[in-house]
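Only one structure is covered here, and it is reproduced in the block below.
Note that this is a predicted model, so its numbers are computed, not measured. Just so it is clear, the values below take in all heavy atoms, side chains as well, and ignore hydrogens, waters and symmetry mates.
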Amino acid sequence: MQDETTPISWEEQGEGAPTTAYTDDNIRHLSDKEHIRTRPGMYIGRLGDGSLPEDGIYVLLKEVIDNSIDEFRMNAGKRIEIDIEDSLRVSVRDYGRGIPQGKLLEAVSQLNTGGKYDSKAFKKSVGLNGVGVKAVNFLSSHFAVRSYRDGKVRELTFERGDLVSDTTQPSADENGTYIYFEPDNDPALFKNYSFHNDIVETMLRNYTYLNTGLAIMFNGRRILSRNGLKDLLTDTMTTDGLYPIVHMKGDDIEIAFTHTDQYGEEFHSFVNGQHTTQGGTHQSAFKEHIAKTIKEFFGKYEYGDIRNGLVAAIAINVEEPVFESQTKIKLGSTYMAPGGESINKYVGDFVKQQVDNYLHIHSDVAEAIENKVKESERERKAMAGVTKLARERSKKANLHNRKLRDCRIHYSDAKNERKEESCIFITEGDSASGSITKSRDVNTQAVFSLRGKPLNSYGLTKKVVYENEEFNLLQAALDIEDGLDTLRYNKVIVATDADVDGMHIRLLTITFFLQFFPDLIKKGHVYVLQTPLFRVRNRRTKIKDKKVIEAADARLTKNEKKTDFITRYCYNEEERQQAIHDLGPDPEITRFKGLGEISPEEFAHFIGPDMRIEQVTLHKTDQVQKLLEYYMGKNTPERQNFIINNLVVEEDIPEED
């Protein structure tokens with residue numbers, strides 16, 4: 001028997017010996033700049049190329065604008081000018097007090113340095129961690145800051161966080177701060193990025209809704225809101241309200257709401273001007289107390305029936321807010337201020353008093369709300385039996401659900417750092433799902449297989465969600481029966497063939513979401529997977545341009561080996577022609593007719609880090625109900641004439657060997 005104090009060898013433990021030595025040399029200290037550039041995800045979330053609102057370049061922009069917004073909220077400067085040049089370079093000029101010039105260098109280049117630790121200067125600010133603009137500096141290839149104060153301007157310029165110049169000179173310009181930055185296009189950071197104006201404009205409009213009277217000039221166009229959250233609902237609702245939007249303001253709170261004929265509930269929430277896209281304690285309190293107040297007013301009804309069709313927004317101001325991540329998209333604070341009143345009580349007291357008084361005064365609005373609630377109650381009771389059976393069926397199916405190949409990490413895993421990566425591919429048939437399943441990342445990518453074309457759900461009641469086995473299993477897989485709070489996947493990606501049948505399946509699937517879960521689309525969770533139409537390849541020995549070969553090799557991952565062929569995957573005819581030009585002469589061309597034809601090895605390229613997905617969006621001008629009625633409703637003569645007049649027959653492009 002071995003003595004307990006005797007060391008046990010690696011072999012005796014059943015493990016191999018360490019492959020490398022672990023010495024003092026392995027211990028490294030990273031400077032502030034090195035840490036941010038080495039671990040950017042800790043500070044700005046995902047990197048991305050700018051095609052999605054959560055991509056890092058928009059976090060950089062937000063960090064700069066937040067400082068200007070804080071100036072406005074301190075009654076210093078009512079105008080902000082933002083210009084984006086060539087979708088690559090950004091400048092932001094505010095007319096606040098200007099960063100104190102003596103500490104300008106520290107303010108933009110030293111972590112844990114800032115004026116917002118002093119609550120007298122910034123009472124209810126968003127940027128409290130002393131990180132924001134430093135991260136912008138360190139993650140930009142070029143960064144400049146100017147502080148205009150008291151007839152002088154001090155300007156600093158940097159390259160990748162390193163100071164290049166520091167000058168001070170007289171200036172007659174108004175006080176304020178100017179910041180210019182160009183995100184670093186290093187392949188490890190923002191490779192092939194571009195700012196999308198529509199994403200930026202949505203961000204800026206949210207700022208103006210929360211800061212009435214603030215004028216933002218974006219590329220020379222003025223964005224302004226005079227009615228706060230009421231304007232937000234007016235501009236974003238895709239269906240008409242059943243009664244005029246109810247809009248109320250308090251010292252540190254603002255709410256707006258109405259009911260519509262849509263299914264589900266939809267909430268927008270903000271803290272200190274920050275859009276909390278994942279909600280938090282303030283949104284939970286609002287959801288609870290708006291339903292509770294209406295229930296107590298009528299003396300009956302269930303919360304679910306009251307909130308069905310509710311579209312609402314809340315904004316509060318909190319001292320020293322605590323968010324659940326550096327990107328500040330979910331509020332974790334439970335108190336309005338340290339040692340002060342709880343957020344739940346503050347929101348509850350305001351909603352109870354103001355909404356109850358409003359309903360007593362405006363009997364027409366109370367009547368419209370009750371009619372909507374009664375309608376929701378009747379529909380819920382009508383499908384109570386089928387709902388129970390469907391839930392039992394889905395529970396059994398979930399144990400051995402052939403439709404779903406689940407992943408390990410889910411969007412609802414609150415503490416998992418990779419939850420934002422969680423996605424589910426909705427595919428047509430087993431052949432396509434087989435290729436994706438074999439090539440996916442089992443940690444973050446799930447697959448749900450449709451059985452051919454799903455039912456056209458337009459005009460049907462929610463009862464069909466429970467009666468139709470496929471819809472019921474999809475709802476259960478997403479876990480959205482009771483709203484998006486339990487959504488299991490951040491991205492719901494429709495992956496169908498790029499042919500007529502695939503387009504039809506895509507439309508039917510999106511119609512299902514629009515009809516019964518519109519908030520899934522409005523919150524930006526639904527996407528369409530773009531897959532290549534062509535594969536163009538040629539032998540290395542035939543390619544004359546050495547730069548083409550070098551660029552292809554640079555894109556190889558650590559696990560990929562150089563082959564005799566250089567391959568390009570093309571998503572349209574223009575890319576095909578370019579590939580033929582680059583890889584000629586006489587390249588080998590394959591046209592993919594369906595996802596099932598693409599091997600799992602190749603599919604890994606299309607659902608990996610460079611995956612091309614297009615977000616399904618909704619805007620006020622889309623007139624969703626009219627579009628659905630026209631395209632997905634009964635076959636009207638108008639639609640038949642439209643198809644006949646716009647039908648284009650394209651000759652199939654032959655394969656070339």
Side-chain angles (χ1 to χ4, degrees), residues 44 48-73 76-99 104 107-108 126-127 132-149 153-161 164-165 167 169 171-185 189-190 192-211 213-225 273-275:
I44 63 170
D49 62 1
S51 58
L52 303 176
E54 64 265 29
D55 285 350
I57 59 172
Y58 301 111
V59 178
L60 299 185
L61 175 59
K62 185 185 75 64
E63 292 290 359
V64 175
I65 297 175
D66 281 348
N67 292 335
S68 299
I69 295 295
D70 286 335
E71 287 295 300
F72 170 81
R73 295 169 74 85
K78 295 185 177 181
R79 187 171 88 258
I80 302 173
E81 297 166 357
I82 300 167
D83 292 288
I84 298 181
E85 181 184 349
D86 298 329
S87 301
L88 300 174
R89 295 170 285 278
V90 180
S91 64
V92 179
R93 170 69 154 104
D94 68 42
Y95 295 87
R97 294 165 291 184
I99 301 172
L104 184 60
V108 300
V126 169
V133 78
K134 292 81 164 173
V136 181
N137 182 2
F138 297 155
L139 295 174
S140 296
S141 56
H142 301 282
F143 178 91
V145 58
R146 299 176 198 152
S147 172
Y148 297 89
R149 283 177 74 113
V153 56
R154 183 182 180 188
E155 179 176 15
L156 309 175
T157 63
F158 297 80
E159 290 185 0
R160 293 180 171 84
V164 174
S165 66
T167 61
Q169 56 190 2
S171 173
D173 287 356
E174 293 181 55
N175 284 0
T177 301
Y178 167 93
I179 286 179
Y180 166 92
F181 69 95
E182 184 176 341
D184 193 343
N185 61 2
L189 294 174
F190 306 106
N192 298 327
Y193 75 89
S194 65
F195 286 93
H196 292 227
N197 284 349
D198 57 336
I199 295 177
V200 174
E201 186 166 332
T202 297
M203 178 196 303
L204 300 183
R205 288 195 181 279
N206 283 335
Y207 277 119
T208 60
Y209 297 138
L210 273 294
N211 299 278
L214 170 67
I216 295 181
M217 301 297 296
F218 176 45
N219 288 346
R221 294 184 296 108
R222 189 174 74 155
I223 301 174
L224 180 73
S225 172
Q274 167 67 31
H275 189 191

Spatial distance of atom [atom1] ([X]) from atom [atom2] ([Y]) [nearest 0.5 Å]:
X    : Y    : atom1 : atom2 : value
E201 : I199 : CD    : CD1   : 12.0 Å
S225 : N206 : OG    : CG    : 10.5 Å
D94  : D70  : CG    : CG    : 10.5 Å
M203 : F218 : CE    : CZ    : 9.5 Å
R221 : N197 : CZ    : CG    : 7.5 Å

[X] to [Y] - nearest heavy-atom pair and separation:
X    : Y    : value
I80  : S68  : CD1-CB, 3.6 Å
S171 : Y148 : OG-CD2, 3.6 Å
L214 : R79  : CD1-N, 4.2 Å
N219 : I84  : OD1-N, 2.9 Å
F72  : G77  : CD1-O, 3.2 Å
F195 : L88  : CE1-O, 3.8 Å

Within a strict 4.5 Å, meaning less than it, do heavy atoms of the [X] and [Y] side chains meet?
X    : Y    : value
Y207 : I223 : no
F190 : D55  : no
R160 : F138 : no
R146 : R154 : no
R89  : H142 : no
I82  : I65  : yes
I69  : N211 : yes

[X] (side chain) donor-acceptor with [Y] (main chain) under 3.5 angstrom:
X    : Y    : answer
D49  : S51  : yes
T157 : S165 : yes
S147 : I99  : yes
E71  : R97  : yes
K134 : A107 : yes
N175 : G98  : no
Y58  : V200 : no

- prompt: Do you see a donor-acceptor pair shorter than 3.5 Å between the side chains of D184 and Y193?
  reply: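 Looking only at side-chain atoms, Y193 and D184 do not form any donor-acceptor pair under 3.5 Å.
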task: Take T202 and D198, measure what side chain to side chain contact (heavy atoms under 4.5 Å, CB included) needs, and give me the verdict at the end.
output: CA-CA 6 Å; T202 297; D198 57 336; 5.6 Å; no
- prompt: side chain to side chain contact (heavy atoms under 4.5 Å, CB included) with F181: which of L60, V145, N137, I57?
  reply: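 The passing option is L60.
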message: Restricting to ring pair (Phe, Tyr, Trp, His ring centres under 6.0 Å), what partner residues turn up for Y178, sequence neighbours left out?
response: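 By the ring pair (Phe, Tyr, Trp, His ring centres under 6.0 Å) rule, Y178 matches no residue at all.
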task: Given side chain to side chain contact (heavy atoms under 4.5 Å, CB included), test V92 with T177 step by step and report yes or no.
output: CA-CA 8 Å; V92 179; T177 301; over 6 Å; no
query: Can you check side chain to side chain contact (heavy atoms under 4.5 Å, CB included) on K62 and Q274, steps first, answer last?
result: CA-CA 9 Å; K62 185 185 75 64; Q274 167 67 31; 3.2 Å; yes
field: Ring-face cation of R93 near Y95 (centre distance under 6.0 Å, axis angle within 45°)
entry: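 Checked: cation-pi criterion met.
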